[in-house]
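Working notes for the structure below.
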Number of protein chains: 2
Amino acid sequence: MSSADTDTSRRVTIRDIADATGVAPSTVSRALSLPDRVNHATQQRIQQAARELGYVPNSQARALTSGRTRAVAVLVSDITNPFYFDVIRGTQHQLSAAGWTQLLVDTEESAEAEVAALSAVAGKADGAVLTASRLSDAQIARFAERTPLVVVNRRPPGVPSVLIDTPGGVEQAVQHLVSLGHRDVLYVAGPDSSWSNERRWRALVRVAKRLGVRVARIGPHAPFVDSGAAAADAAVHAGATACIAFNDLIAIGMLTRLRERGIRVPEDMSVVGCDDIFGADFCNPPLTTMTSPIERAGRVAIRMLLGRLDALPADEVPGEHASGAVALPTHLTVRGSTGPAPARPR
Amino acid sequence: MSSADTDTSRRVTIRDIADATGVAPSTVSRALSLPDRVNHATQQRIQQAARELGYVPNSQARALTSGRTRAVAVLVSDITNPFYFDVIRGTQHQLSAAGWTQLLVDTEESAEAEVAALSAVAGKADGAVLTASRLSDAQIARFAERTPLVVVNRRPPGVPSVLIDTPGGVEQAVQHLVSLGHRDVLYVAGPDSSWSNERRWRALVRVAKRLGVRVARIGPHAPFVDSGAAAADAAVHAGATACIAFNDLIAIGMLTRLRERGIRVPEDMSVVGCDDIFGADFCNPPLTTMTSPIERAGRVAIRMLLGRLDALPADEVPGEHASGAVALPTHLTVRGSTGPAPARPR
DNA sequence: GTGAAAGCGCTAACAA
DNA sequence: TTGTTAGCGCTTTCAC
């Protein structure tokens with residue numbers, strides 16, 4: 001049923017190549033992993049044979065001896081959230097470009113699951129990217145001692161991180177609202193456990209003070225579209241005419257609820273989201289939001305991690321220091337969901 | 001800096017446990033992997049020690065001897081497409097429930113990348129799920145001989161598959177349009193390389209014939225929101241009053257374009273999508289679409305695969321035969337994008 | 001029921 | 001430059 005040559009069912013190993021080319025297995029190993037340390041001619045012969053025999057290196061065996069898996073784990077807190085899709089897209093892209101494997105783990109918003117994953121993953125991957133960790137800075141730092149880590153949207157001391165500069169976006173958003181005549185802004189908060197949530201709120205308070213804008217806050221709200229309904233009701237009850245929501249999911253949910261209640265956006269209420277996820281441009285009305293380079297954050301995180309693992313030339317690694325932070329700029333994308341303040345406060 | 005006991009920097013191995021408990025490494029191995037084949041008392045002692053020492057099995061070493069990685073690869077053709085998010089969510093869920101690892105691979109719509117990934121993955125995973133493969137049935141079957149495979153929305157002979165019954169959904173969609181007075185339906189085709197695309201078109205032709213509806217087809221269109229603009233223009237040019245789009249991405253893009261052009265949906269044109277992805281409910285107007293159990297498809301695919309790998313009790317494995325197909329029902333979700341046919345054909 | 005020993009496929013000293 | 005020799009941590013015969 002198969003061709004006349006050797007057994008088809010067994011995978012080709014470096015031994016097979018060694019036999020075929022008349023060299024020692026170690027030479028084959030070198031020819032494949034450190035080509036410069038082998039006579040050019042034999043190197044060619046070996047690689048040729050490898051190709052002909054259909055050799056595929058056994059990554060398990062390789063990992064066992066070298067201690068390196070050429071895989072990295074990417075932990076997300078909720079695989080359901082479109083924000084992470086973009087992150088994953090970025091990490092995936094950068095990893096496959098480097099020939100590495102991505103292990104995707106959903107921690108489901110649970111710190112225990114995160115700890116479990118991080119411990120389990122230690123042997124399976126050479127490093128990990130934490131997006132939206134639910135752990136304390138100290139815990140993260142502790143794990144980082146054993147496993148190279150890069151965190152997104154967190155700033156644990158000593159651990160390299162990628163920050164999306166939403167505070168900068170908040171400033172633009174408030175200025176935009178001010179330019180439309182708004183003097184009151186309501187912050188629709190996300191989960192208390194979110195680092196970004198506090199960061200955005202503080203940025204809002206700071207900017208508002210400077211621009212003479214009054215701010216208030218409602219929440220916390222879970223980061224789902226469905227949470228938007230309650231948020232919208234609360235915003236209306238608070239008499240708000242301009243809201244900045246923790247993220248686009250909540251903002252989109254608010255839009256839907258406001259429409260149901262006959263409250264016009266932006267005529268009666270302006271809504272600003274955060275992140276510019278898939279859907280923010282085609283919801284109704286289209287959402288003004290802080291566009292974050294989410295995919296880029298994923299790519300940068302991987303580049304930093306690969307840099308730390310010496311798997312990337314130094315000049316391709318972002319950030320000056322190994323434990324430094326890289327901040328990616330955000331910009332406001334104005335769409336239909338924001339408009340002039342109503343003539344008189346309601 | 002660390003506690004007084006042994007070296008902190010090295011990972012705990014079964015040898016350490018063996019030393020600590022005074023048994024042989026092989027006994028530790030058994031106690032951990034095949035607990036029934038060990039004296040209950042010593043088994044307890046060993047597991048206790050393992051816990052105390054913080055033992056984490058080295059999956060590489062385990063894989064090397066056992067030949068099993070307890071990981072599965074999930075290949076998607078475009079990680080950008082929200083359809084796959086739901087699939088990934090399903091696979092991730094089912095895998096982590098079983099304590100397995102998910103390797104996520106984006107083949108970027110390329111058959112070569114898929115082949116490369118499939119070969120590379122062979123050693124890293126015990127099996128793979130192909131969602132939207134770009135390979136031929138024969139190629140898939142060939143890979144399936146070496147690596148346990150489950151395919152989604154394909155039907156290569158001999159390879160277990162999970163099918164989302166969009167033909168059934170097409171029937172409901174056409175009946176819905178007929179009930180609104182439409183007698184002409186335009187199919188807005190997806191990519192030629194898509195198996196589902198042909199399947200949906202054929203189902204449409206069949207149903208239309210039975211119900212006395214005229215059908216036409218435009219396309220192919222790439223499965224992106226951005227493709228929807230050209231599709232909408234073509235549909236308008238064709239004088240269509242009711243369209244069924246290959247998927248929601250195209251349908252949402254059409255909605256946007258029609259609105260730009262001042263063509264009212266559903267008054268001037270009814271649009272039906274397919275899949276019910278994230279966003280279909282909050283686009284403008286909300287999209288009537290065939291709701292597919294996408295996440296469930298992912299879960300079912302993993303269960304079938306784990307079943308084939310003997311990693312799941314037989315009674316939890318869907319489908320009668322190892323190489324059978326499981327079809328998941330679809331249903332039509334009617335929202336604002338469909339309405340009565342215009343009084344007279346335009 | 002438990003231990004000794006071999007070896008999975010590969011890499012990394014160390015010699016030659 | 002190449003071959004020899006040891007393992008990496010674990011599972012798995014095969015004895016005992």
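A, B, ... follow the sequence lines: proteins, then strands. Residue 1 opens every chain. Quick caveat: nothing in here was measured; it's all calculated off a predicted structure.
Rounded to whole angstrom, the span from the CZ atom of B:Arg45 across to the P atom of C:dG1 amounts to 15 Å. Atoms CZ (A:Arg70) and C1' (C:dT11) sit 14 Å apart, rounded to a whole Å. Taking atom CG of B:Asp19 as the reference point, atom C1' of C:dG3 lies 14 Å away to the nearest angstrom. Between the CZ atom of B:Arg68 and the C1' atom of C:dC8 there is a distance of 16 Å, rounded to whole Å. A:Arg37 places its CZ atom 10 Å from the P atom of D:dT1, with the value rounded to the nearest Å.
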(message) Run B:Phe83 and B:Asp78 through side chain to side chain contact (heavy atoms under 4.5 Å, CB included) and show every step you take.
(response) CA-CA 9 Å; B:Phe83 176 85; B:Asp78 174 16; over 6 Å; no

(message) Strictly under 4.0 angstrom, non-hydrogen atoms only: write out the protein contact profile of nucleotides 8-16 of chain D, one letter per nucleotide from the 5' end, B, S or -.
(response) BBBBBB---

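For B:Arg134, the salt bridge (Lys or Arg N to Asp or Glu O under 4.0 Å) partners are B:Glu109, not counting sequence neighbours.
Counting only N and O atoms by type, the side chains of A:His93 and B:Glu108 include a donor and acceptor under 3.5 Å apart. B:Glu52 and B:Gln48 share a donor-acceptor pair across their side chains, judged by distance under 3.5 Å alone. Using a 3.5 Å distance cut-off with no hydrogens or angles, the side chains of A:Gln60 and B:Thr69 do not pair a donor with an acceptor.
Classification of B:Asp137 and B:Arg154 as a salt-bridged pair holds, one side-chain N sitting under 4.0 Å from a carboxylate O.
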